[in-house]
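Quick notes on the structure that follows.
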Protein chains: 2
Amino acid sequence: MDRDDERPLYLQVADQLRAKITSGELQEGDRLPSVPGLASDLGIARSTASEALKVLISEGLAVARSGAGTFVRLPREPQRLIRAWYRATPYGSPFRQDMERQGRAAGWTYDSQTLQAPPEIRTRLALTEPEGDTEDVVRTHYVFTANEEPVMLSTSWEPLATTRGTPIVLPEDGMLAGRGVVERMLSIGVVIDDWVEEVGARPGTAMECDRLRHAPGSTIMTIQRTYYAAEQPVETADIVVPADRFALVYCGKMGRFSG
Amino acid sequence: MDRDDERPLYLQVADQLRAKITSGELQEGDRLPSVPGLASDLGIARSTASEALKVLISEGLAVARSGAGTFVRLPREPQRLIRAWYRATPYGSPFRQDMERQGRAAGWTYDSQTLQAPPEIRTRLALTEPEGDTEDVVRTHYVFTANEEPVMLSTSWEPLATTRGTPIVLPEDGMLAGRGVVERMLSIGVVIDDWVEEVGARPGTAMECDRLRHAPGSTIMTIQRTYYAAEQPVETADIVVPADRFALVYCGKMGRFSG
DNA sequence: TCGAATTTGTGCGTATGTATC
DNA sequence: GGATACATACGCACAAATTCG
């Protein structure tokens with residue numbers, strides 16, 4: 001440690017602690033030195049030691065538990081979610097296929113409702129102006145689980161213009177329950193041929209983290225997926241996955257339209 | 001403001017300032033109250049006022065300029081990075097094309113070096129065991145800029161087995177400098193036909209955030225990209241983009257291999 | 001060009017509340 | 001219940017950057 005100008009003191013202390021984590025000297029779940037401990041050991045102020053730990057916490061390398069201490073929290077090796085559907089036969093649940101390939105039991109709970117689409121969804125589904133307060137979409141909230149643990153949230157929107165009067169109006173009802181949008185739509189003659197996904201990331205909201213049993217503020221990835229049949233959007237979904245458990249895998253071929 | 005238990009004081013102050021931003025009372029570039037100003041106006045300690053401003057900074061709603069003040073920085077509508085290359089002719093810089101489509105001036109700086117690939121990269125490039133300490137890859141660090149601002153980091157690895165003795169050993173050297181991997185490889189007869197991208201997200205490290213001029217700990221997305229020619233990996237890169245500025249767009253077609 | 005005023009960044013010290021062990 | 005730990009809040013001081021007359 002250098003008391004000179006070089007770098008701020010609290011960053012030097014953070015570097016020192018980070019090195020112990022990345023080198024493996026401190027492992028997952030191990031307790032980091034406490035604020036008073038660091039302060040007296042290194043001869044610095046408690047507030048300075050506290051700043052150093054906050055750096056590691058903001059980097060996601062540690063979590064503080066009030067009253068207990070600050071603990072190492074290594075980023076887990078993420079599971080891979082294959083998001084490029086090169087399956088020749090898109091039958092069955094894509095999520096279940098991904099999980100079973102990695103030896104995990106997939107499941108989900110859901111909750112469907114018909115209502116009038118909000119403006120943002122109208123844009124994504126290319127809906128016309130609403131007529132009065134007519135209900136024109138089916139919204140379904142999903143919680144997906146792997147080995148009984150919640151791991152993914154999804155909110156799906158399907159226009160009633162496409163599905164009204166068919167056996168698949170409700171996504172999780174009837175013979176094709178749980179088979180995925182593509183297969184369900186195919187059964188009523190709607191051939192989904194294009195997909196677009198827009199991937200973002202941000203700290204999770206309190207509600208999202210709660211439903212995923214995650215620490216508040218932990219990083220999540222968001223996917224806005226839209227399915228098209230003959231250039232017409234027939235389903236769109238907001239998908240939320242915790243970033244410390246999943247990586248999204250996309251692939252394709254060069255040189256011509258990637259679809 | 002409530003001096004009672006309710007919520008921590010610095011969060012209440014942060015809420016109050018955030019409300020002024022989201023309501024539009026304070027606009028992009030406007031100066032927030034200074035730390036001493038807040039402290040005396042609200043009758044709180046300067047350190048408490050400072051904490052409140054740090055909350056907004058960590059949320060990406062403000063930036064501090066030492067000596068000048070703290071300024072509103074509204075979350076921009078995220079720029080879209082098109083990551084599915086359906087360009088029939090993959091000529092020119094993909095990054096520049098994305099930026100110019102959105103009316104921004106693209107640029108980059110780089111730094112190339114030949115060295116022996118570390119284990120993780122060996123796996124990704126399917127390299128055999130190293131012979132002694134032979135240098136077998138070219139590593140290039142990039143900092144990409146849009147309108148002079150750093151917006152994306154990338155570290156690219158190319159096996160010397162592919163490029164040794166050709167005019168394109170150094171990515172940013174010679175006639176094809178800045179033209180992108182695909183075009184450069186094509187010029188030596190290596191036809192890149194497959195790509196795989198693995199997308200993750202996490203809080204940025206101190207170094208990453210510093211190089212991107214971002215608040216430490218702000219959310220970033222990571223992309224591990226690998227290019228293949230005839231099923232053989234010929235380049236891999238680690239790409240880092242700040243999540244509050246970019247969304248990644250992937251698209252494809254259903255029902256057959258998505259490439 | 002210079003200097004005074006302002007502002008952020010860092011670092012010190014202390015104290016209290018509350019959670020955990 | 002007592003010891004320990006983190007979270008919050010207060011106070012002060014100085015350095016470095018910026019701004020402006």
Side-chain angles (χ1 to χ4, degrees), chain A residues 1-17 26 29-73 206 215-217, chain B residues 1-17 26 29-73 206-207 209-210 213-218:
Chain A
M1 277 214 335
D2 213 338
R3 212 73 183 198
D4 295 344
D5 210 358
E6 217 188 323
R7 276 161 70 75
L9 196 49
Y10 73 101
L11 287 182
Q12 292 181 45
V13 177
D15 290 345
Q16 191 176 311
L17 294 171
L26 286 172
D30 284 357
R31 220 185 96 180
L32 287 159
S34 71
V35 170
L38 270 179
S40 68
D41 285 358
L42 303 178
I44 59 178
R46 285 209 297 255
S47 47
T48 306
S50 176
E51 283 299 311
L53 287 173
K54 276 180 192 161
V55 171
L56 298 185
I57 291 168
S58 79
E59 289 175 2
L61 288 173
V63 280
R65 284 171 43 208
S66 182
T70 306
F71 300 85
V72 175
R73 179 178 172 287
Chain B
M1 276 220 329
D2 213 336
R3 211 72 183 200
D4 295 343
D5 210 358
E6 219 187 323
R7 276 161 70 74
L9 196 48
Y10 74 100
L11 287 181
Q12 291 181 48
V13 177
D15 289 346
Q16 192 175 310
L17 293 171
L26 287 172
D30 284 357
R31 223 186 93 179
L32 287 159
S34 72
V35 169
L38 269 180
S40 69
D41 285 358
L42 303 178
I44 60 179
R46 277 166 38 166
S47 47
T48 305
S50 177
E51 282 300 311
L53 287 172
K54 276 181 192 160
V55 170
L56 298 184
I57 291 168
S58 77
E59 290 174 352
L61 288 173
V63 281
R65 283 171 43 209
S66 180
T70 306
F71 301 84
V72 175
R73 178 182 172 286
M207 202 197 71
C209 292
D210 185 57
R213 313 255 174 86
H214 257 62
S218 60

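Residue numbers begin at 1 in each chain, while the letters A, B, ... track the order of the sequences. This one's a predicted model, so the numbers in the text were calculated from it and none came from an experiment.
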Which nucleotide sits closest to the side chain of [X]: [options]?
X	options	result
A:Arg31	D:dC10, D:dA5, C:dT7	D:dA5
B:Leu9	D:dC10, C:dG11, C:dT8	D:dC10
B:Pro8	D:dA9, D:dC6, C:dC12	D:dA9

Nearest 0.5 Å, please: how far is [atom2] in [Y] from [atom1] in [X]?
X	Y	atom1	atom2	value
B:Leu56	B:Glu51	CG	CD	11.5 Å
B:Thr48	B:Leu42	OG1	CG	10.5 Å
B:Arg73	B:Glu59	CZ	CD	13.0 Å

- prompt: Quick one: are B:Leu17 and B:Pro33 in side-chain contact, heavy atoms under 4.5 Å?
  reply: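 Counting from C-beta outward, B:Leu17 and B:Pro33 do come under 4.5 Å.
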task: With the side chain counted from C-beta on, respond yes when B:Leu32 and B:Leu38 share a heavy-atom pair under 4.5 Å apart, and no when they do not.
output: no
- prompt: Where is the tightest heavy-atom contact between B:Ala39 and B:Arg46, given as atom of each residue plus distance?
  reply: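 Here B:Ala39 and B:Arg46 meet closest at CB-CG, 3.7 Å.
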B:Phe71 and B:Asp30: CA distance, side-chain angles, deciding distance, side-chain contact (heavy atoms from CB on, under 4.5 Å) verdict: CA-CA 5 Å; B:Phe71 301 84; B:Asp30 284 357; over 6 Å; no
Nearest-Å distance for atom pair [atom1]/[atom2], residues [X] and [N]:
X	N	atom1	atom2	value
A:Leu42	C:dT10	CG	P	18 Å
A:Phe71	D:dT4	CZ	P	16 Å
A:Leu11	C:dT10	CG	P	7 Å
A:Gln12	C:dG9	CD	P	19 Å
A:Arg46	C:dC12	CZ	P	12 Å

- prompt: Going by heavy atoms closer than 4.0 Å, what residues in residues 47-56 of chain A are next to DNA chain D?
  reply: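 Under 4.0 Å from DNA chain D: no residue of residues 47-56 of chain A.
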message: Please list, in numerical order, the residues of residues 32-39 of chain A that have a heavy atom closer than 4.0 Å to any atom of DNA chain D.
response: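 Those residues whose heavy atoms fall under 4.0 Å from DNA chain D, taken from residues 32-39 of chain A in numerical order, are A:Ser34, A:Val35, A:Pro36.
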field: Evaluation steps, side-chain contact (heavy atoms from CB on, under 4.5 Å), between A:Val72 and A:Leu61
entry: CA-CA 6 Å; A:Val72 175; A:Leu61 288 173; over 6 Å; no
Test of understanding: with side-chain contact (heavy atoms from CB on, under 4.5 Å), list the residues that count as partners of [X], not counting sequence neighbours.
X	answer
A:Ile57	A:Ala62, A:Ala64, A:Thr70
A:Asp15	A:Arg7, A:Arg18
B:Ser50	B:Val35, B:Lys54

With 3.5 Å as the limit, what N/O pairs link the protein to nucleotides 18-21 of chain D?
residue, atom, partner, partner atom, Å
D:dT19, OP1, B:Arg65, NH2, 2.8

- prompt: Are A:Arg7 and C:dT10 close enough that a side-chain N or O sits under 4.0 Å from OP1 or OP2?
  reply: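 Checking A:Arg7 against C:dT10: no side-chain N or O falls below 4.0 Å of OP1 or OP2.
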message: With a 4.0 Å cutoff (strictly under), does any side-chain N or O of A:Tyr10 reach OP1 or OP2 of C:dT10?
response: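 True: A:Tyr10 side-chain N/O within range (under 4.0 Å) of C:dT10 OP1/OP2.
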